[in-house]
Every structure is written in structure tokens, then in C-alpha cells.
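Shown next, in C-alpha cells, is the structure this report addresses.
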There are 2 protein chains.
Amino acid sequence: MTVPTTGRRERKKAATRQKIADTALRLFLERGYDAVGIRDVAAEADVAVTTLFSHFASKEALVFEQDENFEQRLTQAVTGRGPHEPLIPALRREIQAMVRHCTGDGAAPIYRMIDASRALREYEESMRLRHAESLATALVADPDLSQSATACRTIARFVIDAYALAHEAADPDAALDEIFQMIEAAWEVT
Amino acid sequence: MTVPTTGRRERKKAATRQKIADTALRLFLERGYDAVGIRDVAAEADVAVTTLFSHFASKEALVFEQDENFEQRLTQAVTGRGPHEPLIPALRREIQAMVRHCTGDGAAPIYRMIDASRALREYEESMRLRHAESLATALVADPDLSQSATACRTIARFVIDAYALAHEAADPDAALDEIFQMIEAAWEVT
DNA sequence: TTCCTAAATCATAACCGTTAGTGTTACGGT
DNA sequence: ACCGTAACACTAACGGTTATGATTTAGGAA
């Protein structure tokens, strides 16, 4: 079952996308996000502005390239867990992995840049809201859960909160411990 | 001690601000938020575009005029509660009042408009994040609370989540009941 | 009153992210 | 070899926002 998607067209398209993303991130880190315009990125990547926007929906999206990944990982942590594996620890494991990935040394300059730009911070937050909504959908649809739809949607938001709070905490691991204790209690009361 | 802030200048400024807000809301409801430009609002209110932006930080801010109010009410629900009054019920009362105010008949067309515009929905969410942060600050500073700073910040976000979830629920009161049961459990576990 | 300062407003033009309109190239199936 | 179409390019615009600098006007001081 070899992957049939090895056309030259798709390779070129992926290469263009990657070149744009790489160029953008490099320029942003060199000169600062707000000091680099879309026209600068397009020129440096040697593509038209319209091409750039056919690959990325917005300037902020150039920075958050892996987001869809996050969304899938969260819903998979729900749908792909063992038959009688409890929900909250599974979610906790996934969130912890994400936090560790984003607070690692490699991501440090990027998150310094994000914190420095209001537009990027707001985009990140609205991204998280999307993640919460898709997680909520997955929870509501799970037949193994006996909780109400409201409880599922609530827990979805709480879990995303845990990510955000841990991410900005001085000690992310300790914060996650504490927050997930609270989430567990909230989940079990229903 | 008569209030010395009764200058003609301040009255005129307030009048200008109000005229802009009223005109904007009227046009938005008549023609739709996205179909009305800033230049339209300014022309109809008979002010310069720069004057409009000296009163409101953005186009979206024209719609959410009472927000600072919300922020104050939340922090006052914390700082202004009785000496031994428990925290969560006080917060719950305030959130319930806000939800009822925003789901009342008078606010229905406005919230229909907000739901119809992506920009307004995102602005509302980033507004709520600000509210969560100022609530978190109030909680951390409260000497009557023995919980950790992390727990305080977590509960602040949970409370704002409650508002958002109840607001979009089919039965806001029932949703608030359920969500605040969860919040109570999360708070007491710490 | 008269004058001075600072606040409020104005008019214009620009900036920047984003999109529409309109081609042009070149990949891939037939 | 041919044709449909996906990817890309170019130009120009749109709309929110900001910079610039002038002009008016409130309100206190001389």
C-alpha cells in the first residue's frame, strides 16, 4: 500500500508552503513579528502575496503551523483510549506532552515572540477555543461517557484551560498536577 | 463637596462618545455589522474618523460598550462580599445576573448580530480572557482565601467558562447549576 | 475682559492585512 | 499530443487603523 500521493505537483506545493513558513519564521525571529510585513515575507520567499494567502489563512497562521496536529491529538486521546481506560488521566497525559513540547528549549524563542505580540497572543487563544470545541464534540459523542452534554463541554474547556495555565506557570508540571486534581473532582461530581 | 467634574468640556466629550456609540449600534443593526464601515459610522455621527478612534479602540469595541462594567462587577463580587461569605456562591450569583442580563429580550438582536460576525465573536472571547485575568488577580490578592495562586487562577478561568457555556446553552439556568456544582467540587478539593 | 494652554476635534493621507479580478504556467490524466 | 485544472502571478483595491499637523474651544490666569 504505497502512498499514491507522490505527484510532482503536490511535492512542489508542499515545498512552496514550507519555504513560505520557513522564511516567515526566520524573518519574524530576526526583526520581530510586527516589524515584518506580509509583503516582506512574500518577497523574501519569492512568491506572490496571493500565493502566500492561498497557503496560510492569515499572518498569524504562519507562526502556528502545527495546530491541526494538536486538535487531532486531543480528540484521539479520547476516541483512541482503551476500552475501560478512564478519561481524565488520558487527557492529562496528552496535555502534559503538549506543554512539555511547547516549553522545551527549541520553542523558547518562538514563544518569546508570541508573548511580545498582542495579535499572536489573541490568535493563540482563539485557536485554543477551537480546540476546546472539537474536544467537546468528541466527548459528547463518546458512548462510554455517561455524563451530560453540558458536563462534557465544561470539561473540554477546563482541559484547555489547564494547558493555557500550565504553559504560563513558573512550574508547569506542578501546576498541571494541581489543576488536574481540580478537573478530576469536577468530573466526578457529575 | 459638589462633584467638580461638571465642566462643559467633559459633558460634550461624553455626548460625542454616546452619539458615536448610538449611531454605530443603529447602523450595525440596520445593515449588519460587516456591511457598515468605520467611515460610514463616522459620517453618520458627524465626526472625523480619528475622533471615533479616540473614543473607541476598535470597531468591535463599539458593540461592547459596557465591558469595563463586567470586569468591575466580578472583582467587586470577590472583594465586596461579607467577611465569612463563601466565594463560589458569590461568584455564581454575579455570573447568573450577567447571563440573565445578556440573554434578556432587549439584548437578543445584539447577540444575534455578534453570533453572525466572526470578528465580534473573537473579540468577545478575548474580552472574557481579560475578565478572567482580572478576576484571577482579585482572587490571588484576597487574604481570606487559603488556596494556592494556581488554584485561584484556575477557578477564575473556570468561572468565566461558566459564563460562556451558560450563555450559549439552551437552558442557561440549568447549565449554570450543573457547571457551578463542578466548580464547587474543583474549589473544595484544593 | 483678555490671553494662554491644553484638550478635543478635524482633514488628509498613508500603512498594512486581506481579497477580488484576471491572466499565465505546467502538471497529470486521457 | 491534448485538454482541464491546480498552482501561481500581478495589479488594484478594500477596510480598519494610525500618523501628521492644523483648527477650534473650554477654562483658568493676568
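Here is how names work: the chains are called A, B, and so on, in the same order as the sequence lines, proteins then strands, and each is numbered from 1. Owing to the predicted nature of the structure, the values given are computational and were not obtained by experimental measurement. Only this structure's heavy atoms are used, side chains among them; waters, hydrogens and symmetry mates stay out.
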Measure from the side chain of V49(A), starting at C-beta and using heavy atoms only, and say which of dA9(D), dT19(C), dG16(D) lies closest.
-> dT19(C)
Neighbours of DNA chain D within residues 22-47 of chain A, by heavy-atom distance under 4.0 Å = R39(A), D46(A), V47(A)
Take A48(B) and S58(A), find for each the nucleotide of DNA chain C with the closest heavy atom, and name the residue whose nucleotide sits nearer the 5' end.
-> A48(B)
Residue whose nearest DNA chain D nucleotide is more 5′ - R8(B) or L52(A) | L52(A)
Distance test, side-chain N/O of T16(A) to OP1/OP2 of dC8(D), below 4.0 Å = yes
Nearest to the side chain of T50(A) - dC10(C), dT18(D), dG21(C)?
-> dG21(C)
R9(B) side chain: which of dA8(C), dT17(D), dT18(D) is closest?
-> dA8(C)
Nearest-angstrom distance from the residue atom NZ of K59(A) to C1' of dT19(C) | 17 Å
Between NZ of K19(A) and P of dA7(D) the distance, given in whole Å, is 18 Å
Look at the side-chain N and O atoms of T51(B) and state whether any lies under 4.0 Å from the OP1 or OP2 oxygen of dC10(C).
-> yes
Would R128(A) and E125(A) pass as an ion pair if we require N to O under 4.0 Å?
-> yes
Between Y111(B) and H167(B), is the ring centre distance below 6.0 Å?
-> yes
Do the charged groups of E60(A) and R121(A) touch, with an N to O distance under 4.0 Å?
-> no
Give the rounded distance in Å between these two atoms: OH of Y123(B) and C1' of dT17(D).
-> 14 Å
Output yes when at least one side-chain N/O atom of H55(B) is less than 4.0 Å from OP1 or OP2 of dA8(C), else no.
-> no
Examine the base of dC8(D) for any acceptor or donor lying under 3.5 Å from a partner atom in the side chain of S54(A), and report the outcome as yes or no.
-> no
Interatomic distance, E10(A) CD vs dA7(D) P [rounded to whole Å] | 8 Å
Length of the CZ-P vector between R11(B) and dA7(C), whole Å = 19 Å
Rounded to whole angstroms, how far apart are CZ on R118(A) and P on dT17(D)?
-> 11 Å
Is the NZ or CZ atom of K59(A) both under 6.0 Å from the centre of the six-membered ring of Y123(A) and within 45° of that ring's axis?
-> no
Side chains of S148(A) and E178(B): is there a donor and an acceptor less than 3.5 Å apart?
-> yes
Would you mind checking if E184(B) and R92(B) are paired as a salt bridge, meaning a charged N to carboxylate O distance below 4.0 Å?
-> no
Distance, rounded to the nearest Å, where K13(A) contributes NZ and dA6(D) contributes P = 9 Å
Looking at D173(A) and R100(A), does any basic side-chain N land under 4.0 Å from a carboxylate oxygen?
-> yes
Phosphate OP1/OP2 of dA26(C) contacted by K12(A) side-chain N/O (<4.0 Å) = no
Between D22(B) and Q18(B): side-chain donor-acceptor atoms closer than 3.5 Å = yes
Whole-Å distance between dC8(D) C1' and F56(A) CZ?
-> 15 Å
